[in-house]
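Shown next, in structure tokens, is the structure this report addresses.
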Protein chains: 2
Amino acid sequence: MADPDRFVPRVPGIRYGVLDELAGYAVRRAQIRMYELFAESLEQWGITPQRFSAMTIVSLNPGLKLTELARIMGIARSGVVALVDVLEGMGYMERQAVPGDARAFSLVLTPKGQTDLVEITRAVKNADGLATRGLNSEDVAVLRAMLLRISDAPSDA
Amino acid sequence: MADPDRFVPRVPGIRYGVLDELAGYAVRRAQIRMYELFAESLEQWGITPQRFSAMTIVSLNPGLKLTELARIMGIARSGVVALVDVLEGMGYMERQAVPGDARAFSLVLTPKGQTDLVEITRAVKNADGLATRGLNSEDVAVLRAMLLRISDAPSDA
DNA sequence: TATTGTTATACTCTATAACTATA
DNA sequence: TATAGTTATAGAGTATAACAATA
């Protein structure tokens, strides 16, 4: 096999110039490759990284409203509607009526969602391990800490 | 201002579970934030990160064919056609006939493209610096090296 | 036959804006 | 008035597949 079609981050003979000095381009290249590895592992489940994130967050924080999930995931409310529609269609998530507020819905995983999430999580961990196979666990911890710093970077000085 | 609408990577009171242990989720969160910072810096130019990458690569490797650029950037040929159409429409890039091959085109930047790329690169470096402000230059070098390892991760054992 | 660029089409992910029903 | 969810629409960005011209 040898992954004939996977992304090649550095093509021999090509000059990348400033791209090689940018943290942003390094993050982008890593993200492309990780998405490929995750997609391979999750293909059989019909689960994308985004769907996995939503399932995990709802599983651990049952009762979230759609607006809250949108804020947590950093996407628009309309995007969450589509995402929840898909997961509901898969039998993994449910909208439940909120007693005090007829406008809102509480999100919960179905029993099937909870059950399958265990195996899906195993597949995700496997993909993450493949991606970081070139790093030891201490390196990965350092990497995550540095990336979190970037995630928290403010716009202004 | 204080960035009222920017992505919040960790919402207080929310449990993230395994997401906090995954390198992949950390990369994704960092990528979202970096994209926001790049988009802010490049907004005035009508340039996206992808367009910047294409301009930089063509600038340093003039004469690339569309198929080659597609491979280098890791996207489909049809995507490169649309990308080159946009940059050509902006007056930044040109298709040039290839003497020996009537099917192909050589890509080059226009003089305007070369000139503006200097300032655009400055804006990109500024955005990258903002994103990595919480890290010193040694940290950033380590970060880039680790991310490159991930970019190169094979699928099989 | 194979390759290059192109077009057509579709799907995902994102956004904004307008709508409805409730609060 | 404001909020929660929804719908409509649009724009990137990606993909596959088919095509014409050329190799």
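Throughout, protein chains are lettered first and strands after them, A, B, ... in sequence-line order, and every chain is numbered starting at 1.
One can place CG of B:Asp85 at 9 Å from C1' of C:dT6, the figure rounded to the nearest angstrom. Between the CD atom of B:Glu68 and the P atom of C:dT4 there is a distance of 8 Å, rounded to whole Å. Atom CZ of A:Phe7 is separated from atom C1' of D:dG13 by 14 Å (rounded to the nearest Å). The separation between B:Ile47 atom CD1 and D:dG13 atom P is 10 Å, rounded to whole Å. Rounded to a whole Å, the CZ atom of A:Arg71 is 15 Å from the P atom of D:dG5. Summarising the geometry, the separation between CD on A:Gln31 and P on D:dT14 is reported as 11 Å, rounded to the nearest angstrom. A:Lys65 places its NZ atom 16 Å from the P atom of C:dT22, with the value rounded to the nearest Å.
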**Q.** Candidate pair B:Tyr16 and A:Ile72, rule side-chain contact (heavy atoms from CB on, under 4.5 Å), full reasoning
**A.** CA-CA 10 Å; B:Tyr16 288 80; A:Ile72 293 165; 3.7 Å; yes
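The salt bridge (Lys or Arg N to Asp or Glu O under 4.0 Å) check on A:Arg103 picks up A:Asp101, with sequence neighbours excluded. Residues satisfying the salt bridge (Lys or Arg N to Asp or Glu O under 4.0 Å) criterion with B:Arg29, sequence neighbours excluded, are B:Asp20.
Among all heavy-atom pairs drawn from A:Ile120 and A:Phe52, the shortest one is CG2-CD1, 3.8 Å.
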When the side chains of residues 135-143 of chain B are checked against the rest of the protein, which donor-acceptor pairs come out under 3.5 Å, sequence neighbours left out?
residue: B:Asn136; atom: OD1; partner: B:Glu138; partner atom: N; Å: 3.0
residue: B:Asn136; atom: OD1; partner: B:Asp139; partner atom: N; Å: 2.7
residue: B:Asp139; atom: OD2; partner: B:Asn136; partner atom: N; Å: 3.4

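Counting heavy atoms from C-beta on, the side chains of B:Leu66 and B:Arg77 never come closer than 4.5 Å. Annotation: side chain of B:Thr48 is not in contact with side chain of B:Leu42 (no heavy-atom distance under 4.5 Å). No side-chain heavy atom of A:Val124 sits under 4.5 Å from any side-chain heavy atom of A:Ser41.
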Detail all sub-3.5 Å separations between protein N/O atoms and N/O atoms belonging to nucleotides 12-17 of chain C.
residue: C:dT14; atom: OP1; partner: B:Arg28; partner atom: NH2; Å: 3.1
residue: C:dT14; atom: OP2; partner: A:Gln50; partner atom: NE2; Å: 2.1
residue: C:dA15; atom: OP2; partner: A:Ala76; partner atom: N; Å: 2.6
residue: C:dT16; atom: O4; partner: A:Ser78; partner atom: OG; Å: 2.8

Atom pairs under 3.5 Å: protein N/O with N/O of nucleotides 20-23 of chain D:
residue: D:dA23; atom: OP1; partner: B:Ala102; partner atom: N; Å: 2.8

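Under the 4.5 Å side-chain contact rule for hydrophobic residues, A:Ile32 and A:Ile14 do not share a cluster.
Each end of the helix from C:dT1-D:dA23 to C:dA23-D:dT1 yields a helix axis from five base pairs, and these two axes differ in direction by 10° (to the nearest 10 degrees).
Taken to the nearest 0.5 Å, the OG atom of B:Ser106 stands 12.0 Å off from the CZ atom of B:Arg95.
At a cut-off of 3.5 Å, with distance as the only test, a side-chain donor of B:Arg33 or A:Ser155 sits close to an acceptor on the other residue.
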